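Below, chains carry the letters A, B, ... as their sequence lines are ordered, and counting in each starts from 1. Please read all numbers here as calculations on a predicted model, not as lab measurements.
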Amino acid sequence: MVMNDEGQLYTIEGVTAGIIMLVTAFTIFNSGIVYTPGDAHISDMQIQQLGYDALLMMDTPGEMAPLSASPLALMILNKSKINPDTEFVHSFPHYLSLGTGTTDIVDSLEYNATIYHRVTHGGVEKVQSYLFSSSPNSEVSLLTREPAISVTRYVWLPRSPTGYGASEYDNEKQLVLLEVLIWRR
Amino acid sequence: METLNDEGQWIVMMGFLVAIGMFMLAIVISQAPLVGQTTAESVIEFPKNEVQDLRGKLVSMTSTLPDDTNRLTLQKRFREDIALLSMSRNNAIAGFGIDPLNNGNYWHENGTYKDIEYTYHQINIYYNNGITKYNENLLLPEKIQR
């Protein structure tokens, strides 16, 4: 009996179509689903690095001597207990929005800065905090904001800012932690 | 049944090849956001800036210690500030020790090591946030006064 060798192209086509359907089904059912927007953390990472770099630059002392007060430390010292901050609120957003001039930067970043410091008054160690500075529109933008990212930096202070009592702020050389939350409007 | 027309097989095959090629490229493109996402997450998770900050502060501090009259107080203040604030705000165990061959806690006059010209103070920096552990042994030279 002679084998019928007609219709080979139809066979190949059928097999190929079957394979394509199998691969498609496999790809669909084997895909992981990422519920967050695909690029959310990419811009988070860039904002975080931007914030750390701005704080690093502001915390570099003008003098060569180690442990001389940096511009950032002076801003913290100049903000007394009752008066609001007037220096950080101008320079920090300015540094965040600095560009090379070759591209337009959408300046939509808001921030809120808190100081955490260790108080040892009365032999009891505790962490105290106070609002250091915040951008002018930060409260309004809280309604519609993107999730904030946090950057921190240790700042060396030669003394405490003015206006604080002994039980509120240790008046000696110390490290305080500046924590800045940055988010997009 | 009519005989199958087997002309034009090259055209059909080329069509298949191009289709398969486009399918492969689409797979590559579909991986791109996922790769960017996981890379950015790794960068965010890694405490590079915290460690650099800590290290910079300790190098600054230890450079001033030889001339500081109140060096024990300064060191103690630094160590306890870093330990408590890192623990409470950065979820990290962080600290340092100086001159471990002597007693590990304080700046020792003779240093950890010594040669003809310099005394070397060994600063052990450690940082651990549960995911990343960082330990560094830093040798800080101090010129021997004659």
Taking only Lys NZ, Arg NE, NH1 and NH2, and the carboxylate oxygens of Asp or Glu, determine whether [X] and [Y] approach each other closer than 4.0 Å.
X        : Y        : result
A:Lys79  : A:Glu87  : no
A:Asp59  : B:Lys57  : yes
A:Glu125 : A:Arg118 : yes

Picking from A:Glu179, A:Glu13, A:Arg153, which has the most non-hydrogen pairs under 4.5 angstrom with chain B?
-> A:Arg153
Most contacts with chain B, counted as non-hydrogen pairs under 4.5 angstrom, among A:Gln49, A:Gln46, A:His117 = A:Gln49
With a 4.5 angstrom heavy-atom cut-off, is it the side chain or the backbone of [X] that approaches chain A, or both, or neither?
X       : result
B:Asn70 : neither
B:Ile20 : neither
B:Ile44 : both
B:Ser86 : both
B:Gln52 : neither

Pair A:Tyr52-B:Glu50, side-chain donor/acceptor within less than 3.5 Å | yes
Parallel, tilted or perpendicular: ring planes of B:Trp107 versus B:His121, cut at 30 and 60 degrees | parallel
Side chain / backbone / both / neither for A:Thr120 at chain B, heavy atoms under 4.5 Å | side chain
Proximity breakdown for A:Ser31 and chain B, heavy-atom pairs closer than 4.5 Å | neither
Hey, would you say the B:Tyr126 and B:Tyr134 ring centroids sit under 6.0 Å apart?
-> no
Identify whether A:Trp156 and A:Val176 are in the same connected component of the hydrophobic contact network (ILVMFWY, side-chain heavy atoms under 4.5 Å).
-> no
